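Computed from a prediction, not measured in an experiment: that's the story for all the values here.
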Amino acid sequence: MKLFQFFKTKNTQVEEKTTPIELNTGSDIFEKIQQEFISKATNHAEKIVRAFNSKYDGAFDYSIRSLNILDSLIEDFADFTDLSDEEIINDFCTQAGSYILEVARRNFGGVYFWEDNRQQPMLKTGFPDFEITLLTYDKVKNRIINGEEDNIPYFFKRYSEKVRKAGKGDHITFE
């Protein structure tokens with residue numbers, strides 16, 4: 001069995017019909033959707049935590065500094081994984097990307113939305129004064145493929161600095 005083989009899972013597609021709804025941050029439906037996003041992101045992120053936390057001495061604690069360890073894990077994944085196996089790569093990107101999103105949400109707040117074109121969640125921070133959007137799945141995949149030039153801690157540092165310094169009306173996306 002390959003080192004990262006456990007990421008390979010069968011995903012079944014379920015076709016759902018959805019009706020667009022208007023979301024108001026004070027509504028019950030909005031809160032329910034947010035809790036579902038948070039639950040899914042946490043469940044994906046927890047797969048990384050359960051699998052590797054003991055190997056990395058409990059470092060996966062959703063702190064910003066834990067992203068250094070995640071970056072090392074991504075590097076190891078790239079070194080030991082068959083990069084032609086898209087299913088394993090996508091599963092890993094979902095889990096590592098969800099971990100990054102949860103680090104951002106736990107440290108800076110934010111609201112999850114779904115990005116239809118990329119088929120992934122995004123975290124928007126700063127409502128209503130500004131909107132800093134974070135997309136992570138493609139960033140993890142680029143880190144696997146490109147190596148150090150797509151360093152996760154540096155990427156997150158740029159995001160966190162912008163959240164701290166954002167001005168009214170700023171709309172920026174980090175991807």
Practice item. Take Tyr56 and Ser66 through the side chain to side chain donor-acceptor pair (under 3.5 Å) test and state the conclusion after the steps. Key: CA-CA 10 Å; Tyr56 291 97; Ser66 72; over 6 Å; no
**Study point:** Lys55 and Asp76: CA distance, side-chain angles, deciding distance, side-chain contact (heavy atoms from CB on, under 4.5 Å) verdict
**Key:** CA-CA 13 Å; Lys55 178 182 177 181; Asp76 290 346; 4.3 Å; yes
Practice item. Go through Arg65 and Asp61 one step at a time and tell me if the side-chain contact (heavy atoms from CB on, under 4.5 Å) criterion holds. Key: CA-CA 9 Å; Arg65 73 179 178 278; Asp61 59 2; 3.3 Å; yes
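Minimum interatomic distance between Gly109 and Thr125 (heavy atoms only, all atoms of both residues): O-OG1, 3.3 Å. The minimum heavy-atom distance between Ala59 and Tyr99, with the atom names listed, is O-OH, 4.4 Å. When all heavy atoms of Glu46 and Tyr62 are compared, the pair lying nearest together is OE2-OH, 2.7 Å. Across every non-hydrogen atom of His171 and Gly169, the tightest pair is ND1-O, 3.1 Å.
To the nearest 0.5 Å, the span separating CD1 on Ile69 from CG on Asn53 amounts to 10.0 Å. Between atom CD of residue Glu31 and atom CD of residue Glu36 there is a gap of 13.5 Å, rounded to the nearest 0.5 Å. Atom CD1 of Ile74 is separated from atom CD1 of Ile48 by 7.5 Å, given to the nearest 0.5 angstrom. Rounding to the nearest 0.5 angstrom, the gap separating the CD1 atom in Ile152 from the CD atom in Glu75 is 11.5 Å. To the nearest 0.5 Å, the span separating CD1 on Ile132 from OG on Ser160 amounts to 11.0 Å.
Separation of the Phe60 and Phe52 ring centroids does not fall under the 6.0 Å cut-off.
Judged by distance alone, with hydrogens and angles left aside, the side-chain atoms of Ser39 form no donor-acceptor pair with the main-chain N or O of Gln35 at under 3.5 Å.
When side chains are defined from C-beta on, Tyr112 does not count as touching Met122, because their heavy atoms never get closer than 4.5 Å. At a threshold of 4.5 Å between non-hydrogen side-chain atoms, the residues Lys40 and Thr94 do not count as touching. Two residues are said to be in side-chain contact when any heavy atoms from C-beta on lie closer than 4.5 Å; Ile144 and Phe92 meet this criterion. Within the 4.5 Å cutoff, the side chain of Ile88 has heavy atoms near those of the Phe77 side chain. In this structure the side chain of Phe130 never reaches within 4.5 angstrom of the side chain of Ile172, judged on heavy atoms. Looking at Leu123 and Val111, their side chains never come closer than 4.5 Å, going by heavy atoms from C-beta outward.
Salt bridge status for Arg143 with Glu148: present, with a side-chain N to carboxylate O gap under 4.0 Å. Between Glu161 and Lys165 no salt bridge is recorded (no basic side-chain N to carboxylate O distance below 4.0 Å). Under a 4.0 Å N-O distance rule, the pair Glu102/Arg105 qualifies as a salt bridge. With salt bridges taken as basic N to acidic carboxylate O contacts below 4.0 Å, one links Asp170 and Lys162.
Residues Ile145 and Ile89 do not share a hydrophobic cluster, defined by chaining ILVMFWY side chains whose heavy atoms lie under 4.5 Å apart. If you chain together hydrophobic residues whose side chains sit under 4.5 Å apart, Tyr154 and Leu70 never meet in one group.
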Show the atom names and distances, to 0.1 Å, of all donor-acceptor pairs under 3.5 Å that link a side chain in residues 133-142 to residues at least two apart or in another chain.
unit_1 : atom_1 : unit_2 : atom_2 : d
Thr133 : OG1    : Lys124 : NZ     : 3.1
Thr136 : OG1    : Gly97  : O      : 2.8
Tyr137 : OH     : Ser98  : OG     : 3.3
Lys139 : NZ     : Asp150 : OD1    : 2.8
Lys141 : NZ     : Glu86  : OE1    : 3.0
Asn142 : ND2    : Asp138 : O      : 3.3

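Among residues two or more places apart in sequence or in another chain, the side chain to side chain contact (heavy atoms under 4.5 Å, CB included) test is passed with Ile64 by Val103, Asn107, Phe108, Phe156, Arg164.
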